[in-house]
J.: 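Could you have a look at this structure, given as structure tokens, before my questions?
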Amino acid sequence: MLVSEIMLQQTPVVRVLPVWEEWLRRWPEPAALAREPAGEAVRAWGRLGYPRRALRLHGAAVAIERDHGGTVPSDYAELLGLPGVGSYTAAAVAAFAFGRRETVVDTNIRRVHARLFSGAALPAPALTAAEMRLAAELLPSDAAGSVRWNASVMELGALVCTARAPKCPACPVRDRCAWLAAGEPPPAYTPKGQAWHGTDRQVRGGVMAVLRLADAPVPAEMFQQAPADLGFEAAGIGVPLAALHRLNCAPEQLERALAGLLEDGLAELHQGGYRLPA
DNA sequence: TAAGCGTGGAT
DNA sequence: TATCCAAGCTT
């Protein structure tokens with residue numbers, strides 16, 4: 001549950017599933033993961049995105065070994081203390097893995113509540129105290145019922161009350177939906193999408209793709225070298241041309257990306273090259 | 001509080 | 001092709 005919840009942060013379930021299965025096959029318990037270098041977690045993360053989640057999940061395994069006797073804690077506050085575990089993930093694990101009564105609020109639940117009770121097409125950009133109060137009031141008082149409630153509202157949001165094209169005719173609570181009653185008004189604001197092309201983020205992603213493939217430290221100049229100058233497999237590091245080709249950017253941008261990855265602990269310098277953390 | 005952080009499928 | 005956006009967290 002903990003592994004899946006962290007993988008599911010901002011990532012669709014269909015992409016998480018195969019990685020999650022491989023992850024649990026390889027590391028069936030926290031101790032197994034904690035024994036590995038953090039870089040192995042990052043490598044096994046594959047292309048799920050936001051690779052520092054892998055680093056934090058590894059950190060969580062280490063903390064569970066060190067502070068919790070190797071067992072994932074069932075208490076919300078203790079879960080919240082683990083790296084990479086915020087209010088949503090702590091509540092979700094406590095509720096779905098341990099049957100606790102917790103107020104689970106994710107983006108799906110926020111959207112369902114916004115439409116049903118506020119009549120808004122989308123929830124506010126950031127989670128508010130009022131939303132938490134509402135969710136807490138709606139939660140059934142018994143533990144078992146609360147778990148079912150949390151899962152149900154989340155699924156309603158994920159499958160029916162979706163962000164883009166909600167399936168209102170199939171909605172079990174369409175007759176009491178404030179947004180539907182108001183004639184499905186458009187969102188009060190337009191969420192600004194994240195830029196990608198030409199951003200540092202894109203370069204970071206490209207560097208990480210190279211480091212995941214490399215079986216030896218990658219010299220800095222290798223990132224900059226013209227692809228035509230390289231063999232199909234960049235000499236000695238096992239990185240295909242295609243991976244390096246993505247890194248065609250301004251030198252200062254590459255420098256920023258590499259510095260950021262070092263700062264975040266996603267990469268380290270070793271023998272004059274960059275590699276995943278050992 | 002707001003910005004930064006990956007990725008790829010759907011529209 | 002460009003935009004949207006998916007079970008958030010950290011600083």
Side-chain angles (χ1 to χ4, degrees), chain A residues 1-20 42-43 45-57 59-60 79-97 102-113 121-129 131-132 135 147 150-167 186-187 189-212 243 246-247 253 256-257 259-267:
Chain A
M1 294 299 304
L2 179 58
V3 170
S4 70
E5 289 297 349
I6 289 183
M7 287 183 173
L8 285 165
Q9 293 167 2
Q10 304 280 278
T11 306
V13 62
V14 289
R15 256 194 299 157
V16 162
L17 239 178
V19 180
W20 179 80
V42 175
R43 205 187 297 274
W45 198 254
R47 308 189 62 84
L48 284 184
Y50 292 142
R52 41 188 181 197
R53 289 183 295 164
L55 222 45
R56 291 170 182 158
L57 184 49
L79 285 162
L80 196 57
L82 298 173
V85 177
S87 59
Y88 162 74
T89 304
V93 171
F96 301 137
E102 303 286 349
T103 305
V104 177
V105 178
D106 77 328
T107 189
N108 291 302
I109 290 176
R110 295 186 63 213
R111 189 173 53 248
V112 169
H113 289 171
L122 295 174
L127 178 63
T128 66
E131 286 180 84
M132 285 304 295
V147 171
N150 283 324
S152 299
V153 181
M154 200 178 307
E155 288 298 292
L156 182 64
L159 302 177
V160 176
C161 193
T162 54
R164 206 103 57 118
K167 303 166 180 62
Y189 68 98
T190 53
K192 51 174 182 180
Q194 294 173 340
W196 175 247
H197 291 287
T199 62
D200 286 3
R201 187 187 304 220
Q202 183 185 33
V203 177
R204 283 173 60 110
V207 170
M208 289 306 297
V210 169
L211 296 187
R212 282 195 306 268
R246 306 171 52 186
L247 290 169
Q253 191 175 28
R256 266 204 313 277
L261 291 173
L262 291 179
E263 171 70 22
D264 291 345
L266 282 166

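Residue numbers begin at 1 in each chain, while the letters A, B, ... track the order of the sequences. The figures that follow rest on heavy atoms only: side chains count, while hydrogens, waters and symmetry mates do not.
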J.: Test of understanding: with side-chain contact (heavy atoms from CB on, under 4.5 Å), list the residues that count as partners of A/S87, not counting sequence neighbours.
T.: A/Y76
J.: Look at all strands and tell whether A/I6 reaches a base, only sugar-phosphate, or nothing, counting heavy atoms closer than 4.0 Å.
T.: nothing
J.: In whole angstroms, how far is the C1' atom of C/dC5 from the CG atom of A/L48?
T.: 16 Å
J.: Taking CG from A/D200 and P from B/dT7, how many angstroms apart are they, rounded to a whole number?
T.: 14 Å
J.: Please collect all salt bridge (Lys or Arg N to Asp or Glu O under 4.0 Å) contacts where either partner lies in residues 3-15 of chain A, sequence neighbours excluded, each pair once.
T.: none
J.: Please report, rounded to the nearest Å, how far the P atom of C/dA2 is from the NE2 atom of A/H197.
T.: 7 Å
J.: To the nearest Å, how far apart are A/L122 CG and C/dC5 C1'?
T.: 11 Å
J.: Using atom C1' of each nucleotide, how far apart are B/dG6 and C/dC4 to the nearest Å?
T.: 15 Å
J.: Using whole Å, what does the distance between atom C1' of nucleotide B/dG4 and atom CD of A/Q202 come to?
T.: 15 Å
J.: With a 4.0 Å cut-off on heavy atoms, is A/P125 in touch with a base, just the backbone sugar-phosphate, or nothing at all?
T.: nothing
J.: Could you give the CZ-to-C1' distance, from A/R47 to B/dG6, as a whole number of Å?
T.: 9 Å
J.: For side chain to side chain contact (heavy atoms under 4.5 Å, CB included), just list the numbers for A/M208 and A/W45, CA-CA rounded to whole Å, side-chain angles, deciding distance to a tenth of an Å, and then say yes or no.
T.: CA-CA 11 Å; A/M208 289 306 297; A/W45 198 254; over 6 Å; no
J.: Can you tell me how far P of B/dG4 sits from CG of A/L266, to the nearest Å?
T.: 17 Å
J.: Taking the same atom, P, in B/dA2 and in C/dA7, what whole-Å distance lies between them?
T.: 22 Å
J.: Residues two or more places apart in sequence or in another chain: which of them pass ring-ring contact (aromatic ring centres under 6.0 Å, His included) with A/W20?
T.: none
J.: Output yes when a side-chain donor or acceptor of A/S4 lies under 3.5 Å from a complementary backbone atom of A/M1, and no otherwise.
T.: yes
J.: For nucleotides 6-11 of chain C, just jot down a letter per nucleotide in 5' to 3' order: B, S or -, based on protein non-hydrogen atoms under 4.0 Å.
T.: BBBSS-
J.: What is the distance, to the nearest angstrom, from the CG atom on A/L159 to the P atom on B/dA10?
T.: 15 Å
J.: Which residues pass the salt bridge (Lys or Arg N to Asp or Glu O under 4.0 Å) test with A/R201, not counting sequence neighbours?
T.: none
J.: Tell me, please, which residues at least two apart from A/R204 pass salt bridge (Lys or Arg N to Asp or Glu O under 4.0 Å).
T.: A/D264
